[in-house]
Amino acid sequence: MKMANSLRGEVLTLYKNLLHVGREYPKGADYFKRRLKAAFLKNKDVKDPEKIKELILRGEFVIKELEALYFLRKYRAMKQRY
């Protein structure tokens with residue numbers, strides 16, 4: 001049970017981090033929030049700790065990809081101004 005609780009904390013932290021990153025999503029924060037909730041609900045019955053860790057890693061990868069997307073968007077906007 002201890003393992004499940006520590007993973008639960010990681011999942012909740014991941015969800016909060018994704019919500020935070022999703023505020024700048026190009027299609028809007030509400031769109032991102034709905035998609036995020038659907039993705040997490042789809043996997044809510046996963047019990048295998050290894051599968052949960054795999055899903056957490058995928059979520060962390062998504063955060064990195066979104067941050068890169070935002071950085072590129074800002075870079076392009078700055079480049080166009082000068």
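Just so you know, residue 1 is the first one in the sequence shown, and it goes up from there.
Atoms CD and CD1, on Glu60 and Ile63 in that order, are 6.5 Å from each other to the nearest 0.5 Å. With rounding to the nearest 0.5 Å, the separation of CZ in Phe40 from CG in Leu55 is 8.5 Å. Atom OH of residue Tyr15 and atom NE2 of residue His20 lie 15.0 Å apart, to the nearest 0.5 angstrom. Of the inter-residue distances, the one linking Leu41 atom CG with Leu36 atom CG reads 9.5 Å to the nearest 0.5 angstrom. A distance of 7.5 Å separates CD of Glu10 from OG1 of Thr13, quoted to the nearest 0.5 Å.
Between Leu14 and the choices Val11, Leu12, Leu18, the side-chain contact (heavy atoms from CB on, under 4.5 Å) rule is met once, by Leu18.
Ion pairing of Glu24 with Lys74 is present here, as a side-chain N (NZ or NE/NH1/NH2) and a carboxylate O approach within less than 4.0 Å. Salt bridge status for Glu67 with Lys64: absent, with no side-chain N to carboxylate O gap under 4.0 Å.
Crowding of Arg58 atom CZ: a count of heavy atoms from other residues, nucleotides or ligands under 6.0 Å not exceeding 12. More than 12 heavy atoms of other shown residues, nucleotides or ligands fall within 6.0 angstrom of atom CG in Asp48.
Between Phe61 and Leu57 there is no side-chain heavy-atom pair separated by less than 4.5 Å.
Nearest heavy-atom pair across Lys51 and Val46 is CG-CG1, 3.4 Å. Nearest approach of Pro26 to Tyr70, heavy atoms of both residues: CD-CE2, 4.2 Å.
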Begin with the C-alpha distance, continue with both residues' side-chain angles, and end with the deciding distance and a verdict on side-chain contact (heavy atoms from CB on, under 4.5 Å) for Asn43 and Ile52. CA-CA 9 Å; Asn43 294 305; Ile52 294 170; over 6 Å; no
Residue pair Arg35, Lys27: steps toward the side-chain contact (heavy atoms from CB on, under 4.5 Å) verdict: CA-CA 11 Å; Arg35 296 286 306 261; Lys27 290 187 177 182; 5.9 Å; no
